[in-house]
Amino acid sequence: MIDYKGIEAKWQSEWDKAHLFEGNVSDRESFFITVAFPYPNAPQHIGHLRAYGTGDVIARYKRMKGLNVLFPMAFHGTGTPILAFAKRLKNNDADLINELKMFHVPEEELKKMTDPLYIANYFVAEIENGMRRAGYSIDWRRKFTSIEPFFSKFIEWQFKMLDDRRLLVKGRHPVGWCPNENNAVGMHDTKHDVEPEIEKQIAIKFKVDGEESYMACTTYRPETVFGVTNLFINKEASYAQYKVDGEVLYLSKAAAEILKYQMGVEYIKDVPPQEMLQKRCIGISGNAIPVLPGFFVNKEMGTGIVMSVPAHAPFDYSAIERLKNEGQATGITPIKVLDIPGKGYPIPSLAYLKIAQTDANGSFEDIEKATKLEYKEESHMGRMAIKGYEGLSENEARERITAELLGKKQAIEMYILVNLPVYCRCGYGVVVKVVDNQWFINYGDKEWKEKTKRAFSNIKILPVKSRKAFESAIDWIDLRAVARAQGLGTKFPLDNNYIIESLSDSTIYMAFYTISNIIRGINPENLKPEFFSYVFLNSGDSESVSKSTGIDYETIKRCRESFDYWYVNTSRHSGVDLIFNHLTMYIYNHVAILEERRWPKQIVVNGSVLSEGEKMSKSLGNIVPLIDGIEKYGADLIRFVVVAGADLFSDSEFSADAVKGVDERMNFIYDTARQLESMESSELSHIDYWLYSKLNRKIRSASESIEELELRAYATTVLYDSAIELRRYFNRNGSNGIVVRDYVSAVSLLLSPITPHVSEELWHILGNSSFASVEKWPAPNPEMISDKIESEELMLDSIINDSKAIVELMKRKHGSHPRSVKFIVAAKWKGPVTNIVAGSKKISAAVDAIKKGMEDFKDLDKEKAMAYATGLGKKVNSLQKTEVTQDDEYRMLSESSGYLSSMLNCDVSVEREEDSKSARANGAMPGRPAIEAVF
RNA sequence: GCAGGGGUGGCAGAGCUUGGCCAAAUGCGGCGGGCUUAGGACCCGCUUCCUUUAGUGGAUGCAAGAGUUCAAAUCUCUUCCCCUGCACCA
């Protein structure tokens, strides 16, 4: 049994002693790989192994390919979670404490965790320890956290660069807000960690006839404004007049509560529903529209006033029909604004009520069903029928009309929480507040976007199928709020009351790794912008920079050299969930700030990890802490399962079963290596050549797979297939020490990126004294790859299969097991004849050849040959050309007679059709010898 | 709703880019057999249905439906369903 823990500790310490993974400037080609740095507010679990482990596999592979690899790591302390963490701990939050206990955070540590910095440092140490135990080939000298002063200097420089390029803009922005604490709230500030989901809604204003005031109606379908016949209110609701940004609006009181956080809202006076119903408004085309009671109007939703479009809203239609039955609303006729080609309903909402098998008097649920159906079909297939918008799809029309209404100030925007109610941890309901004077990074800048797209076209994205997601992310990203009122991090240079938001301070930080170890120790005050501009942009000269910053000349030059050397061939890694923010921002910021040759070269994304088939979550209690996993199974096994258990884009599954499967195979290879000493070496036989062929083919395909990061395929070939091949080799009585040594030795190197510790151990068991981790990646020897030898083995299998079937049949007939089985190999001429048919798929081709006398076979019995050729008729399509000749087949069967007889449980003999007296000899085909059982 | 990914045999998961060698790799599970005192491990076979006492033949089949083609899990269209993200959360 492999002693994983012992092996891991041993090699980790050896690697450390040898400084094996420290990246230093040299004249070799560089490869710089970074994985999104972790947030130190919780211990790691095996899910984290996916991204970092994948990164490590690549780092290790590239190192073996001869590149000078730098794989650094740092920590991201920016933002609010650590503060929230401290607060929760202070309040003795039971959930949090349980969670931490599960991760083995000692009780006395919990008591000390009052200071956010202490918390950060604790988890930094915890995570680093886990990463070391996992065997990541990280250069730890470059470690830093994003909340250290010297890093802040770098971020200040970055934002100065963005500002210089006019990419920072100011504006309004909605945020989740706690009115009690007067704070923005994110997911970690809410009860049950709910993200407040904010949605922009539009409220269309209808002028009240005879008044300088408006009724505001929220709607999801502003394009139907042309079909408005009236307004609906709820008779039970409370309404009032308000002055909203200088205009008098009628709103429900509930709506005013929401709006007052978003714009200036001044209460004027109550307006009872009865009074509301007396008023008349003016529609978009100047038509008079009455205010009516709507049975379905929800007083909590929107403004509490609904615009009625009976042609396209089953609820509106129903409400009007019901009023008509009571003698009201008599003058109202639906106005159609859009049609579905080919359907042409006179009154669409009525049609959908019918489709939903109900009518205007139907139940709320049935009408809702009709509504959903209508909205769906109309949005899918509807075409506008209103002048000026003819033929537009509903979505196109919505976009245009919304913009027009807002432009003409006929509508206002309001924000609502979609997932109501959301509670702040303090107990208050969360609202949406619109923050003025918010700073944004303007990712919508046209020129910037174009340049970023150009940069993107040169980036290698793995897996390839995630490319589309990036494309749409690059298109979609627009303004991004960049300043926060609270949190750890770097102060926003343009307004020191704010902190730079956490994703925005980690877009070009990878460059910082190239100098972090050099500048640590320098007084941060000396790290002035001109220093960074020189190092990263090569602007200015080192002497004047040295003079103005007070940093010594040599240090500055070293920084520049280091950046220049490493920041060329870069690869960035993270989870797929970061495509739509971090990774896209990463590309944008590189493009904005750095020179073109520093732009990203490769981005790799990976899926997440499931635990025993389930998503890991606190509530399921199925989170496996990384340290627990390593303790229980060993780092190499969980690396293998988590990193190579699925292709990059899919989730991989961690399960005890999967670990067991890997463990068994690792042990088998390990045992094989240990038994090598007792194996003799001799002349190479067929099965030895076979193993070499398989090995070299494996090296070739594994190299191709890992190059494209098809890690699942790579791992399967290298571990699973190796186990199968070795077993077959031994079953076939293979026993050549040299061959097995070559095989295991190559496999141990091939495995090294994914299971570095066991590989290192294997490598040394084989007598090597170098480190497998930095050995040269094996190259295949194409000459050793033989289709012929491999197909002979396949042929042997199928022959055994056939014989078994026949032996079974004969057994039933004779009532006993045969004493021996005779294999009669097909006549020599049958090979070429079969190949002609297999190649041309035509019997006639073979017939022609036979007629010509088949030059090589002068004594060919033409009649017999013709019969044989015609007999191939049915099999034409399944026949395969083969290089295996009669001699090969004869030799192979003879050599394998021991194996055959053990498989068939009786004696075995082999002869050629030409020499055979058997009645069955005639039926032999190449690769399918005739079989005669003797009793 | 928008965007991205996906739906394959008891399960997991390849294959679909470059249509035919695909009743569909591989692993797990199940069944039968071998080895064993026994279990585990290992080895062999079976694991859609029907047919077949000489190494078969046939039907159905890769979410559903339609299409292109001599030929489709693979290409096109439509529908249904699932997963992920949607912004201040790292």
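In what follows, chains are A, B, ... by sequence order, proteins preceding strands, each numbered from 1.
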Looking only at B/rA90, B/rA87, B/rG27, the nucleotide nearest the A/I724 side chain is B/rG27
Looking at every strand, decide which applies to A/N41 at a 4.0 Å heavy-atom threshold: base, sugar-phosphate, or nothing. nothing
What nucleotide among B/rA87, B/rA41, B/rA90 has an atom nearest to a side-chain atom of A/Y39? B/rA90
Classify the nucleic acid contact of A/D577 as base, sugar-phosphate or nothing, counting any heavy atom under 4.0 Å across all strands shown. nothing
Can you tell me, in whole Å, how much space there is between the P of B/rA25 and that of B/rC82? 29 Å
Enumerate all atom pairs, one protein N or O and one N or O from nucleotides 2-5 of chain B, separated by less than 3.5 Å.
residue: B/rA3; atom: O2'; partner: A/S472; partner atom: OG; Å: 3.0

Quick one: NZ on A/K822 to OG on A/S803, what's the gap to the nearest 0.5 Å? 15.0 Å
Please give the nucleotide sitting opposite B/rC28 as a Watson-Crick or G-U wobble pair, both distances under 3.5 Å, or none. B/rG10
Considering only atom P, compute the distance from B/rC28 to B/rA41 and round it to an integer number of Å. 10 Å
Nearest of B/rC89, B/rG55, B/rC42 to any side-chain atom of A/E664? B/rC42
Minimum-distance nucleotide to A/D657 side chain [options: B/rC28, B/rA90, B/rG55]: B/rC28
Starting at the 5' end of RNA chain B, which residue's closest nucleotide do you reach first, A/V175 or A/S803? A/S803
Over how many whole Å does the gap from A/L726 atom CG to B/rA41 atom P extend? 20 Å
What nucleic acid atoms does A/S504 come within less than 4.0 Å of, heavy atoms only: base, sugar-phosphate, or nothing? nothing
A/P40 near the nucleic acid: base, sugar-phosphate alone, or nothing, with a heavy-atom cut-off under 4.0 Å? nothing
Nucleotide B/rG55, atom C1' - distance to CZ of A/F823 in whole Å: 11 Å
Which base sits across from B/rG4 as a Watson-Crick or G-U pair, both distances under 3.5 Å? B/rC83
Considering Watson-Crick and G-U wobble pairs with both distances under 3.5 Å, what does B/rU56 pair with? none
Heavy atoms from other residues, nucleotides or ligands near CZ of A/R674 exceed 12 (cutoff 6.0 Å): no
Atom OH of A/Y415 and atom C1' of B/rA87: how far apart are they, to the nearest Å? 12 Å
Can you list, in residue-number order, the parts of residues 710-718 of chain A that come under 4.0 Å of RNA chain B, counting heavy atoms only? none
A/D787/A/R697 ion pair, N-O < 4.0 Å: yes
Side-chain atoms of A/D647 come closest, of B/rA14, B/rA90, B/rA87, to B/rA14
Indicate whether the side chain of A/K449 and that of A/Y588 have a donor and an acceptor atom separated by less than 3.5 Å. yes
Rounding to an integer number of angstrom, what distance separates B/rG40 and B/rG34 when you compare their C1' atoms? 16 Å
Which of B/rG27, B/rA90, B/rA14 is nearest the side chain of A/H76? It is B/rA90
Contact under 4.0 Å: A/R928 side-chain N or O vs B/rU56 OP1/OP2: yes
Would a line drawn from the ring center of A/Y498 to the ring center of A/W439 be shorter than 6.0 Å? no
Side chain of A/H76, backbone of A/S502: donor and acceptor closer than 3.5 Å? yes
Could you tell me how the ring of A/F159 sits relative to the ring of A/F492: parallel (under 30°), tilted (30 to 60°) or perpendicular (over 60°)? perpendicular
In this structure, how many angstroms lie between the P atom of B/rG6 and the CG atom of A/L648, rounded? 14 Å
Distance, rounded to the nearest Å, where A/D663 contributes CG and B/rG40 contributes C1': 14 Å
Rounded to whole Å, CD of A/E653 lies from P of B/rG29 at a distance of 14 Å
Upstream residue (5' side of RNA chain B) when A/R398 and A/G645 are each assigned their closest nucleotide: A/R398
Please step through side-chain contact (heavy atoms from CB on, under 4.5 Å) for the pair A/F654 and A/L610, ending with a clear verdict. CA-CA 6 Å; A/F654 183 81; A/L610 304 176; over 6 Å; no
Once you round it to whole Å, what is the distance between C1' of B/rA25 and CD of A/E790? 16 Å
Would you measure the distance from the P atom in B/rU74 across to the matching atom in B/rG61 and give it in whole Å? 13 Å
Expressed in whole Å, how much space separates the P atoms belonging to B/rG15 and B/rU47? 24 Å
Considering Watson-Crick and G-U wobble pairs with both distances under 3.5 Å, what does B/rC62 pair with? none
For atom C1', what is the distance between B/rC35 and B/rC42, given to the nearest Å? 8 Å
Using atom P in both nucleotides, what's the gap between B/rG27 and B/rU37 to the nearest angstrom? 29 Å
Using the P atoms only, state how far B/rA71 lies from B/rU60, rounded to an integer number of Å. 15 Å
Is the closest basic N to carboxylate O distance between A/D651 and A/R50 below 4.0 Å? no
Which of the following nucleotides, B/rA87, B/rC28, B/rC89, is nearest to the side chain of A/D478? B/rA87
Within the distance-only criterion (no hydrogens, no angle test), does the side chain of A/N606 pair as donor or acceptor with the backbone N or O of A/L648 below 3.5 angstrom? no
Considering residues, nucleotides and ligands other than A/K660, do more than 12 of their heavy atoms fall under 6.0 Å from its NZ? no
Quick one: A/Y729 OH to B/rC43 P, roughly how many Å, whole number? 17 Å
A/R665 side-chain proximity, nearest of B/rC28, B/rA90, B/rA41: B/rC28
Whether A/Y509 side chain and A/F37 backbone form a donor-acceptor pair below 3.5 Å: yes
Can the ring centres of A/F123 and A/F85 be said to be less than 6.0 Å apart? yes
